[in-house]
2 protein chains.
Amino acid sequence: MKGYRLGELEELILLTVGILDQDAYGVAVLEEIKNQTGRKVNISAIHTVLSRLEDKGFLKSYMGGATEERGGRRKRLFTLSATGRAAIQEVKTLRNKLYDQLPPLALDFSYGQ
Amino acid sequence: MKGYRLGELEELILLTVGILDQDAYGVAVLEEIKNQTGRKVNISAIHTVLSRLEDKGFLKSYMGGATEERGGRRKRLFTLSATGRAAIQEVKTLRNKLYDQLPPLALDFSYGQ
DNA sequence: TCATATTTGTAGAATATATAAGTAAAAAAA
DNA sequence: TTTTTTTACTTATATATTCTACAAATATGA
């Protein structure tokens, strides 16, 4: 583990946890990504990444209460750490800086040569 | 190779090729990334990724002329394909959509409990 | 032709992502 | 209270991406 850099899926999941704010756990992250992007990520991949993001210090987690009226195992809820927030900001700033430097799409209207 | 998804470094390099526009080859990409982000990517990693991006259809390449007054092997120059341009646009749009949904940073001024 | 500079290419290890199978915990039903 | 169902997490393995070290190719100049 390099520890400080974010992979492509790691970044997406980190962002999604940020958006979900207070109800981010495996299945909710899966659903949110599907709704927002149409992408169907395997649930195990999500759990793996959530766990690795916590190892790397970008997320914190705690077990949800067992009081909710439903069957099933308890949820592990994730929230951004200060480092996680900073990482999102950093990545966002950098990307936008780069996007802004892309030359405008040069449409090629020449033909016949 | 999955073929259609962009890894973290792949995205950065694709963007950089777009920014460099007409003089994108291995070393130039390396320098540009270093200047823009401070990140020192290994030159071989860049070559590997450039080549894979071409395989995936996001980049095109051709060998540069041998006329320049310098030593060294000929450059392989890369430009965005139509697919590559589209991928950048898509990724940019999606990211900004997500960024916009992040709840504002909730500064926690509570203390003492 | 030989030495040097510059760049690209290849190989293997480390890290990240995807898929499949299994385990655990809680509620509901029998 | 035992079993079944529901929900979610964990582990294992395969594939893909990224990183590092090293080798090869192509140009210049002595």
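Numbered from 1 within each chain, the chains take letters A, B, ... in sequence-line order.
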Any side-chain N or O of [X] below 4.0 angstrom from OP1/OP2 of [N]?
X	N	answer
B/K56	D/dT17	yes
A/R52	C/dT17	yes
B/R76	C/dG9	yes
B/R5	D/dT15	no

Notebook entry, point to check: Between residues 41-50 of chain A and DNA chain C, which residues have a heavy-atom gap below 4.0 Å?
Noted result: A/N42, A/S44, A/A45

Item checked: Of residues 9-28 of chain B, the positions that come close to DNA chain C - non-hydrogen atoms, cut-off under 4.0 Å ->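 Those residues whose heavy atoms fall under 4.0 Å from DNA chain C, taken from residues 9-28 of chain B in numerical order, are B/Y25, B/G26, B/V27.
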
Item checked: Partner set under side-chain contact (heavy atoms from CB on, under 4.5 Å) for A/T83, not counting sequence neighbours -> A/F58, A/S81

Next item on the list: Could you tell me which residues satisfy side-chain contact (heavy atoms from CB on, under 4.5 Å) with A/I88, sequence neighbours excluded, listed by chain and number?
Entry: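 Residues passing side-chain contact (heavy atoms from CB on, under 4.5 Å) with A/I88: A/L14, A/L15, A/L80, B/L102.
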
Margin query: Using five base pairs at each end to define the local axes, how bent is the helix from C/dT1-D/dA30 to C/dA30-D/dT1, to the nearest 10°?
Written below: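 Taking five pairs per end, the axes differ by 10°.
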
Could you tell me how far apart [X] ([atom1]) and [N] ([atom2]) are, to the nearest whole angstrom?
X	N	atom1	atom2	value
A/K75	C/dA27	NZ	C1'	14 Å
B/E8	D/dC19	CD	P	7 Å
B/M63	C/dT7	CE	P	12 Å
A/R74	C/dT23	CZ	C1'	16 Å
A/Y62	D/dC9	OH	P	12 Å

Item checked: side chain to side chain donor-acceptor pair (under 3.5 Å) partners for B/S61, two or more places apart -> B/E54, B/R76

Checklist line | Residues in side chain to side chain donor-acceptor pair (under 3.5 Å) contact with A/Q101, at least two apart in sequence or another chain | finding: B/Q36

Checklist line | With A/R95 via salt bridge (Lys or Arg N to Asp or Glu O under 4.0 Å) - residues at least two apart | finding: A/E11, B/E11

Notebook entry, point to check: Under the salt bridge (Lys or Arg N to Asp or Glu O under 4.0 Å) test, which residues partner A/E10, sequence neighbours left out?
Noted result: A/R52, A/K56

Check: Would you call A/K97 and A/E90 a salt bridge, taking side-chain N to carboxylate O under 4.0 Å as the test?
Finding: no

Note to self: Quiz question: going by heavy-atom distance under 3.5 Å, is there a donor-acceptor pair between the base of D/dA24 and the side chain of B/R73?
What the structure shows: yes

Checklist line | Sole residue of B/T37, B/V17, B/T16 in side-chain contact (heavy atoms from CB on, under 4.5 Å) with B/E32 | finding: B/T16

Notebook entry, point to check: Within the side chain of A/S51, is there an N or O that forms a donor-acceptor pair under 3.5 Å with the backbone of A/H47?
Noted result: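 Such a contact is absent between A/S51 side chain and A/H47 backbone.
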
Check: Going by heavy atoms in the side chains, are B/T79 and B/L59 under 4.5 Å from each other?
Finding: no

Item checked: Pairs touching residues 20-31 of chain A that satisfy side chain to side chain donor-acceptor pair (under 3.5 Å), sequence neighbours left out ->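 Those involving residues 20-31 of chain A do not exist here.
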
